[in-house]
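Accompanying notes for the structure given below.
Residue numbering restarts at 1 for every chain, and letters A, B, ... go by the order of the sequence lines.
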Amino acid sequence: MTVTDERATMAAENEQPVEPSRFSLRHPQSRVAWIRPSVWAPLLVMTVFLAVLWQWAARELPYLLPPLPKIGSSLTSQFGYYVDNALVTVGEAAGGLAIGFVAAFVLAVLTSELPFLRRAVMPIAVVLNVTPLVAIAPALVVAFGFGPLPKLVIAGLICFFPILINTAAGLGSVPREVLQVYRTMDAGRFELLWHVRIPNALPFLFAALRIVFPLSIVGAVVAEMSASGSTHGLGTAISTASSMNQLPIVYASILVLAVMGVLLLLAVTLVERRVLHWHDSAHN
Amino acid sequence: MDGSVKVTGTPALELRSVHRVYGFGPSATNALDDVDLTVPSGRFVSLIGPSGCGKSTLLRLVAGLERPDRGEVRVHGVPPAQACAAKMIGLVPQSPALLPWLSVLRNVTLPQKINKGSGKRRERITGFAEHESAQSAPAAPSAPTAPDMRELLVKAGLGEAMHKLPAQISGGMRQRAAIVRAFGLRPDVLVMDEPFSALDEFTRESLQDQLLDLWDELKTTVLFVTHSVSEAVRLSDTVVVMAPHPGRIVDVIDVDLPRPRGDRLFGERRFHEYEDLIRDRLRRAWHGEAA
């Protein structure tokens, strides 16, 4: 999962002169564009088509999919139930994300400054990354019990690697000539890190965050499902409901998870636009 | 060219039998072979020669980015590393090397926030060197105060672009910003590595003029790498002609043309005579090697 987003790699050599109008006009334009049917109509048609297909499948094969109205009524009648469980899952995901972020960022900075540490840590991080997390989850539940701890650990682990790799790549990709300019001023390590390397790594970091925010929910749900004794969380709700054949609850939970993922992605994008206003990726 | 220098005290630059070899064994290349060079304070010196003649290597040695294998490099009497620590060296690389997330103004002011301990070190070194140009520049400060970067940007024609990002301005403007950034250090030695080579001819000529204007005002020693003969004659007090295999200095030509140098001068015969002289030396160095 080497997330070297091509947009991020362009960060370093953003040499093309860009007419200023692009910066001021792009946003209003993209907002106005949604008024035109040619922009939203394809999505609407596709959604309606999928909904019709779903309803047809639900009628023909009742064990495959629940009818859409039943999902809707489950959501509205037990709204508090879904909100409570969603909050639990989001809490686990956010906590894990925070832990993973801090650990990965600090380690990325340390490995970029200390080559021997990089040689020691990176191979292990790669092995950790290719190990399926679903396989580790039950073991972590045995180790840490049914409380929130294994969920935090798993969500953290799933976020750890993309952040580590991308941040390390960003810290290390400062153009040679920029480094030479600041080397002739005898800039200190910390000065270079703070003024040059970390800002240079931000586009890479955000490319990782866009992947990792939704992924943290995956981690939390996997952890909940592995801990059969859990009482809360959407993952628990799904495994409980499917064992009791309550398809509407299963799919309502899945829908809530999907919405949460979208909201998280939206949050990253908004922050990214603010922080990376200077960067190409913020304008696409 | 050694005895005459003593008049002005410690030279701005001094290279003594400098060797620099890249690689090992049979594939080793002699980038610089026994190079001597002395540059008095306040001179504009160009290094010219075909690729592989070691001009960029020489520049990197002076800027403290590399060390010589043998011999000695001195900047105002101290090793380049110490000169860097005192922020006495300004570097303008081939590409502007601006930080894309900072506005032009913040790009050129960032150096002031970096290595703040350099002031005292610089006072000590320039105190030894009693660096004072022969010209009576109005109270040339030995420990320079931070110049007003806004003013410098306006002077370089970047007044409008001050708050724009590097990606929002043209290539020529970016290179100008890089030059202003280097001048903003009030460097004792400004090293420039073919800074105009990526620009079109019109932009290049106007930037050459602006560079001379800025240099006229701040009177620092300039070491300018180029592969354009007319650029070298246009800008320099001294042109150092170099040749490859091994990298060496074959000639040092003083360009005795009046300043400020305007368009009229570039049409004159004495200007072209200098161009011809340098071309001739370059050719001779090339053929001498082939023979």
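Neither the backbone nor the side chain of B:Arg106 comes within contact range of chain A; no heavy atom of the residue lies under 4.5 Å from a heavy atom of that chain. B:Leu110 touches chain A through its side chain: at least one heavy atom from C-beta onward sits under 4.5 Å away, while N, CA, C and O do not. For A:Glu177, the parts sitting under 4.5 Å from any heavy atom of chain B are the backbone and the side chain alike.
Distance CD/A:Gln180 to CZ/B:Arg60: 7.0 Å, rounded to 0.5 Å. Between the CG atom of B:Leu190 and the OG1 atom of A:Thr184 there is a distance of 10.0 Å, given to the nearest 0.5 Å.
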Side-chain donor-acceptor pairs of residues 81-93 of chain B under 3.5 Å, sequence neighbours excluded:
unit_1	atom_1	unit_2	atom_2	d
B:Lys87	NZ	B:Pro111	O	2.6
B:Lys87	NZ	B:Ile114	O	2.5

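Within 6.0 Å of the CD atom in B:Glu160, the count of heavy atoms belonging to other residues, nucleotides or ligands does not exceed 12. Heavy atoms of other residues, nucleotides or ligands lying less than 6.0 angstrom from NZ of B:Lys120 number 12 at most.
With a 4.5 Å cut-off on side-chain heavy atoms, B:Leu99 and A:Tyr182 count as touching.
Using non-hydrogen atoms only and a strict 4.5 Å limit, no part of residues 256-269 of chain A faces chain B.
Residue B:Asn115 comes nearest to A:Met185 through the heavy atom pair ND2-O, 2.7 Å, listed as atom of the first residue, atom of the second, then distance.
Of the listed residues (A:Ala187, A:Pro199, A:Gly188), the one with the most heavy-atom contacts under 4.5 Å to chain B is A:Pro199.
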**Request:** Evaluate the criterion side-chain contact (heavy atoms from CB on, under 4.5 Å) for residue pair A:Leu276 and B:Trp101; output intermediate values, then yes/no.
**Result:** CA-CA 8 Å; A:Leu276 295 186; B:Trp101 54 88; over 6 Å; no
